[in-house]
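Note that the structure is predicted; figures quoted are calculated from it, not measured. Numbering of ligands and ligand atoms starts at 1, following listing order.
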Amino acid sequence: MAGILEARPRVGYFYAGKHTKNLIAEKIREIKVNDIKSVPVVVKEDASVYDAIVTLFVEDVGTLFVVHEDGSLAGVISRKDLLKIAIGNADIRQIPVSVIMTRMPNLITCTPEESAYDAARKIVVHQVDALPVVKAEEINGKIKYKVIGRITKTIITKLFVELGSN
Ligand code: ADP
């Protein structure tokens, strides 16, 4: 009964005391990042800005994640990061993405266990378009973040539409 009414033997239905507003909030917080994440699009840190722009078009994404040789998260590059360097006089075939990316530890990330609500909130609070979904791993005694997905404004918008149409 959508949580508004609860059933008890020999008593029948009774009002569970929850307001519809709380139920919506509860429902949204039940959805996990893992349920809605999509595949990450990554480039190596020595990839050129030119290659990153090509990847952006080929993969049809707005944000790229940059990874170290071992596959762990090194940085994030947005559309405007690429535009900024491309409109200057720089030779974008020679400049590696590591020069222009926003790097660790300044990255806003989320985990698969986190709620979709928390991820959406991070996107709003930090004014970014995408978050890497990461899993912490110990590699050679150091904590590294393996990139296992991405959460974007588009994914959150699609979820919003899906929730609204149910
Ligand atoms: P755009 O720059 O195309 O408007 P964003 O708003 O996502 O796209 O990015 C704004 C700035 O924040 C960029 O310099 C980008 O490198 C950085 N950025 C993007 N995503 C993240 C993130 N998850 N964590 C930290 N910085 C980010």
Under 4.0 Å from one or more heavy atoms of Leu107, ligand 1 contributes atoms 24 (N), 25 (C)
Exercise for the section: From the options Thr55, Val54, Val61, select the one residue that forms a side-chain contact (heavy atoms from CB on, under 4.5 Å) with Val58. Expected result: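 When Thr55, Val54, Val61 are each tested with Val58, the side-chain contact (heavy atoms from CB on, under 4.5 Å) holds only for Val54.
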- Query: Should Ala130 be counted as touching ligand 1, given the test is an N or O pair under 3.5 Å?
  - Reply: yes
Can you find an N or O of Ile108 that's nearer than 3.5 Å to an N or O of ligand 1? yes
Can you report which non-hydrogen protein atom sits closest to [atom], along with the distance?
atom                    : result
atom 1 (P) of ligand 1  : Ser78 OG, 3.5 Å
atom 26 (N) of ligand 1 : Thr102 CG2, 3.6 Å
atom 3 (O) of ligand 1  : Lys80 N, 3.1 Å
atom 6 (O) of ligand 1  : Gln127 O, 3.4 Å
atom 7 (O) of ligand 1  : Asp129 N, 2.8 Å

- Message: When you compare the side chain of Lys144 with that of Asp70, does any pair of heavy atoms fall below 4.5 Å?
- Response: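 Counting from C-beta outward, Asp70 and Lys144 do come under 4.5 Å.
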Query raised in the report: Under a 4.5 Å cut-off applied to non-hydrogen side-chain atoms, are Thr152 and Arg150 in contact?
Result: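 Yes, close enough: below the 4.5 Å cut-off.
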Side chain to side chain contact (heavy atoms under 4.5 Å, CB included), that's the test. Do Val33 and Leu131 meet it? Break it down for me. CA-CA 11 Å; Val33 161; Leu131 304 176; over 6 Å; no
Run down the list [options] and name the one with the heavy atom closest to [atom].
atom                    : options               : answer
atom 14 (O) of ligand 1 : Ile77, Asp81, Leu73   : Asp81
atom 21 (C) of ligand 1 : Val128, Ile123, Leu64 : Val128
atom 25 (C) of ligand 1 : Asn106, Leu82, Val76  : Asn106

Per-residue contact class, Thr63 against ligand 1 - non-hydrogen pairs under 4.0 Å =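 Contact part for Thr63 vs ligand 1: neither.
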So for His126 against ligand 1, with non-hydrogen atoms under 4.0 Å, the contacting part is neither
When you measure from atom 11 (C) of ligand 1 to the protein, is at least one non-hydrogen atom found at a distance under 4.0 Å? no
Given 3.5 Å as the limit, does a donor-acceptor pair link the side chain of [X] with the main chain of [Y], or not?
X      : Y      : answer
Gln94  : Asp91  : no
Lys153 : Ile123 : no
Ser165 : Val161 : yes

Does a sphere of radius 6.0 Å around CG in Asn106 hold more than 12 heavy atoms from other residues, nucleotides or ligands, not counting ones at 6.0 Å or beyond?
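Atom CG in Asn106 is crowded, with more than 12 foreign heavy atoms closer than 6.0 Å.
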Checklist entry - Would you say Lys32 has more than 12 foreign heavy atoms packed within less than 6.0 Å of its NZ? => result yes
